[in-house]
Enquirer: 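Take this structure, written in structure tokens, and hold onto it; I'll ask about it next.
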Amino acid sequence: MTLNIRALAAKCCYAVIDQGRSLNDELPKQQDKLIGKDKGLLQEICYGVLRYLPELENDVRGLMQKPLTGKQRVFHFLLLVGVYQIKYMRIPDHAAVSETVAATKVLKNNHMKALVNAVLRNFVRARDESAEQAETQQPDPIKFNHPGWFIKKLQAGYPEQWQNILTANQQRPPMWLRVNAQHHTSESYQALLAQADIDIAAVDPLSRAITLSKAIDVNKLPGFEQGWVSIQDAAAQQAARLLDCQPGDNVLDCCAAPGGKTCHILEQTPDIKAMTAIDIEASRLTRVEDNLARLNLSAQVIAADAAKTDWWSGELFDRILLDAPCSGTGVIRRHPDIKWLRKASDIDNLVLLQQQILANIWSLLKPGGTLLYATCSVLPQENAEQIKQFVAQTADAKLVSISEPQASAESIGWQILPDEKNMDGFYYAKLVKTH
């Protein structure tokens, strides 16, 4: 069975890069064919290839007379799988080469065996030389393993920090916990973790989110099945705190899937009047309902387009969380396929969609009500520039300062950059409807 792992990884990466499919969709399909630790090994290889794609392709390109195309294209990704193992994994070189070569049989093309073997063995011999060249001579997309268009946008938006952001995107993400306030305080749950010999790395002082020293199986967390705790990055956990729902509020979570923020709001404020969670993708709402069920919470879950009002009952909302559709460029460390699935042309389309949704959802907010705009993006177009334009064009919209340690007084909203306080990249802006 282990001989299949490299073949499955090649198929998975091929589906993402050449066919534009999501890693979240493709990886579980391939993992279902494996058992035990092999599932984790497959994930490690796929994530690694997608993190270091330009660098790996450059390595392979230098060892090939011509690129692999057509029916042989999957073997291009098999070569990337082999090179990634040699460069970045603890697998001995000879094992990485032999296991990857063996995958040619699983992929039903023994004719490729000699080529894969030759390329990988040549790479092992040339590795030190290529590493030295990579450090000194490579263009930015290869040096930083990000698409050129994205690097340029970061350079424009963050002239002093762009390299730090790119470096942070290449790191493995931490495991953050959200404690269900209906069962435990953060402090009492930390005591349960200590009793279970689960090490804590840090606690976010704002949200009281807990990050673990290393990721573990969720079923090892005390009370996970009983709904005592959930997995959610600390940046995403700021939403419920900033929205600050009050007893009796009518609340809308817009673009809610997979439901982490919906559940967090209900955990924090169980005596709100009603919670409505909408998302345009009906299939993703299953995750919302599953999360609500595990946590024993209830909300009205509706498949609806946030740019329209045909789903709306007519009752205005006191609080709205608009977790807007965005580029996802703040969570690349968790989803490395975003780098390759997202295109430069997508950004303008997303900005326009955000404008449409923001204007529509604003009409559903009560006078005196609060709307919290959120994205998991680092691009100013989707964040501060978007909100600045909306406030300028909307007479009854007032921007409320978010007085966090990381947010300067003159900033428009709060931009969290990747790895800031070990959090994902996120943006928040708080708006009040004045009349």
Side-chain angles (χ1 to χ4, degrees), residues 1-2 5 8-9 12 23-48 51 89-91 171-240 257-268 286-297 331 333-336 419 421-424:
M1 181 63 79
T2 55
I5 295 174
L8 296 177
C12 191
L23 186 60
N24 277 353
D25 294 335
E26 290 303 309
L27 183 58
K29 290 180 191 175
Q30 306 297 353
Q31 285 178 317
D32 285 346
K33 302 170 185 176
L34 301 170
I35 58 172
K37 292 182 179 179
D38 287 350
K39 292 176 183 280
L41 178 57
L42 177 63
Q43 178 172 313
E44 159 70 12
I45 294 173
C46 291
Y47 272 64
R51 281 198 181 103
M89 296 184 73
R90 296 177 180 176
I91 299 168
Q171 308 309 308
R172 295 166 189 261
M175 185 174 187
W176 282 97
L177 307 183
R178 184 187 82 233
V179 178
N180 187 344
Q182 298 307 302
H183 294 281
H184 291 279
T185 64
S186 176
E187 287 69 26
S188 65
Y189 194 78
Q190 289 169 46
L192 292 177
L193 291 172
Q195 290 171 19
D197 291 324
I198 299 172
D199 292 334
I200 296 168
V203 178
D204 174 50
L206 300 173
S207 65
R208 306 306 296 164
I210 302 166
T211 182
L212 301 183
S213 297
K214 63 178 182 179
I216 63 169
D217 188 308
V218 294
N219 294 309
K220 294 181 179 178
L221 293 169
F224 181 79
E225 286 299 324
Q226 296 95 311
W228 294 1
V229 68
S230 299
I231 311 303
Q232 187 179 38
D233 191 83
Q237 290 191 50
Q238 309 299 329
K261 299 180 190 71
T262 305
C263 293
H264 194 194
I265 292 166
L266 290 166
E267 290 169 1
Q268 297 275 20
T286 304
R287 288 278 307 280
V288 180
E289 289 166 342
D290 289 347
N291 283 324
L292 288 166
R294 182 179 68 85
L295 296 164
N296 196 27
L297 301 168
V331 293
R333 63 180 184 170
R334 294 190 186 278
H335 306 283
D419 206 31
K421 305 290 185 183
N422 215 8
M423 294 191 286
D424 288 344

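All values derive from a computational prediction rather than experimental measurement.
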Enquirer: Identify, with sequence neighbours excluded, every residue that meets side-chain hydrogen bond (donor to acceptor under 3.5 Å, both in side chains) alongside Gln268.
Expert: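 side-chain hydrogen bond (donor to acceptor under 3.5 Å, both in side chains) check on Gln268 returns His264.
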Enquirer: For Asp290, look at atom CG and say whether over 12 heavy atoms of other residues, nucleotides or ligands are found less than 6.0 Å away.
Expert: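 It does: Asp290 CG has more than 12 such atoms within range.
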Enquirer: May I ask you to decide if Ser207's main-chain N or O and Gln237's side chain share a donor-acceptor pair within less than 3.5 Å?
Expert: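 Judged by distance alone, no pair lies under 3.5 Å.
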Enquirer: Does any part of the side chain of Phe224, heavy atoms only, come nearer than 4.5 Å to the side chain of Asn219, both counted from C-beta?
Expert: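 Yes, side chains in contact.
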Enquirer: Is the shortest side-chain heavy-atom distance between Tyr189 and Leu177 below 4.5 Å?
Expert: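 Yes; the side chains approach each other to less than 4.5 Å.
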Enquirer: If you look at every heavy atom in Glu267 and Asn180, which pair is closest and at what distance?
Expert: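 Result for this residue pair: CG-OD1, 3.2 Å.
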Enquirer: Roughly how far, to the nearest 0.5 Å, is CG of Leu292 from CG of Leu266?
Expert: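 Those atoms lie 6.5 Å apart.
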Enquirer: Evaluate Ser186 against Val203 for side-chain contact (heavy atoms from CB on, under 4.5 Å), listing each step before the verdict.
Expert: CA-CA 9 Å; Ser186 176; Val203 178; 4.2 Å; yes
Enquirer: Quick one: do Glu44 and Arg172 make a salt bridge, cutoff under 4.0 Å?
Expert: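 Here Glu44 pairs with Arg172 in a salt bridge, since their nearest N and O are under 4.0 Å apart.
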Enquirer: Measure the SG-CD1 distance between Cys12 and Ile45 for me, rounded to the nearest 0.5 Å.
Expert: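 It is 11.0 Å, given to the nearest 0.5 Å.
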Enquirer: State, with a plain yes or no, whether a side-chain heavy atom of Met175 is found less than 4.5 Å away from one of Leu221.
Expert: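 When only atoms from C-beta onward are counted, Leu221 and Met175 do touch, with a gap below 4.5 Å.
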Enquirer: Apply side-chain contact (heavy atoms from CB on, under 4.5 Å) to the pair Val179 and Thr185, showing each step before the final yes or no.
Expert: CA-CA 7 Å; Val179 178; Thr185 64; over 6 Å; no
Enquirer: Can you measure from CG (Leu297) to CD (Gln182) and round to the nearest 0.5 angstrom?
Expert: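 Separation between the atoms: 7.5 Å.
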Enquirer: Please answer whether the main-chain N or O of Ser213 pairs with a side-chain N or O of Asp199 as donor and acceptor at a distance below 3.5 Å.
Expert: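 No, the answer is negative, given that no donor and acceptor are paired below the 3.5 Å cut-off.
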Enquirer: If the threshold is 4.0 Å, N to carboxylate O, is there a salt bridge linking Arg333 and Asp233?
Expert: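 The answer is yes: the pair qualifies as a salt bridge.
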Enquirer: If you take all heavy atoms of Leu27 and Cys46, which pair is closest and at what distance?
Expert: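 Where Leu27 meets Cys46 most closely, the heavy atoms are CD1-SG, 4.0 Å.
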Enquirer: What distance do Ile5 atom CD1 and Asp38 atom CG have between them, rounded to the nearest 0.5 Å?
Expert: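 The distance works out to 3.5 Å.
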Enquirer: Compute both the distance and the angle, then confirm whether Arg334 meets the cation-pi test with Tyr47: under 6.0 Å from the six-membered ring centre, within 45 degrees of the axis.
Expert: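 The answer is no; the distance or angle limit is not met.
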Enquirer: Given the rule in the side-chain contact (heavy atoms from CB on, under 4.5 Å) test, do Leu212 and Leu193 qualify, once you have shown the distances and angles that lead to the verdict?
Expert: CA-CA 9 Å; Leu212 301 183; Leu193 291 172; 4.1 Å; yes
Enquirer: Can any side-chain N or O of Gln30 pair as donor or acceptor with the backbone N or O of Glu26 at less than 3.5 Å?
Expert: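 No, the answer is negative, given that no donor and acceptor are paired below the 3.5 Å cut-off.
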Enquirer: Does any part of the side chain of Asn291, heavy atoms only, come nearer than 4.5 Å to the side chain of Ser230, both counted from C-beta?
Expert: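 No, side chains not in contact.
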Enquirer: Can you see which heavy atom on Pro174 is nearest to which on Thr211, and at what distance?
Expert: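 For Pro174 versus Thr211, the nearest heavy atoms are CB-OG1, 3.6 Å.
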Enquirer: Quick one: closest heavy-atom pair of Gln226 and His183, and the distance?
Expert: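 Scanning both residues, the minimum pair turns out to be O-NE2, 3.8 Å.
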Enquirer: About how many Å separate NZ of Lys220 and CD1 of Ile198, when rounded to the nearest 0.5 Å?
Expert: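 Result: 8.5 Å between the selected atoms.
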Enquirer: Should the pair Lys421-Asp204 be classified as a salt bridge under the 4.0 Å nitrogen-to-oxygen rule?
Expert: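 Judged by the 4.0 Å cut-off on N to carboxylate O distance, Lys421 and Asp204 do not form a salt bridge.
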Enquirer: Strictly distance-based, threshold 3.5 Å: is any side-chain N or O of Arg178 a donor or acceptor partner for the main-chain N or O of Arg208?
Expert: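 The answer is no, because no donor-acceptor pair under 3.5 Å joins these two groups.
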Enquirer: Checking Arg294 against Cys263 for the side-chain contact (heavy atoms from CB on, under 4.5 Å) test, could you report, in this order, the C-alpha distance in whole Å, the side-chain angles of both residues, the deciding distance, and whether it holds?
Expert: CA-CA 10 Å; Arg294 182 179 68 85; Cys263 293; over 6 Å; no
Enquirer: On the 0 to 90° scale, with breaks at 30° and 60°, tag the Trp228-His184 ring pair as parallel, tilted or perpendicular.
Expert: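 Because their plane-to-plane angle is over 60°, the rings of Trp228 and His184 count as perpendicular.
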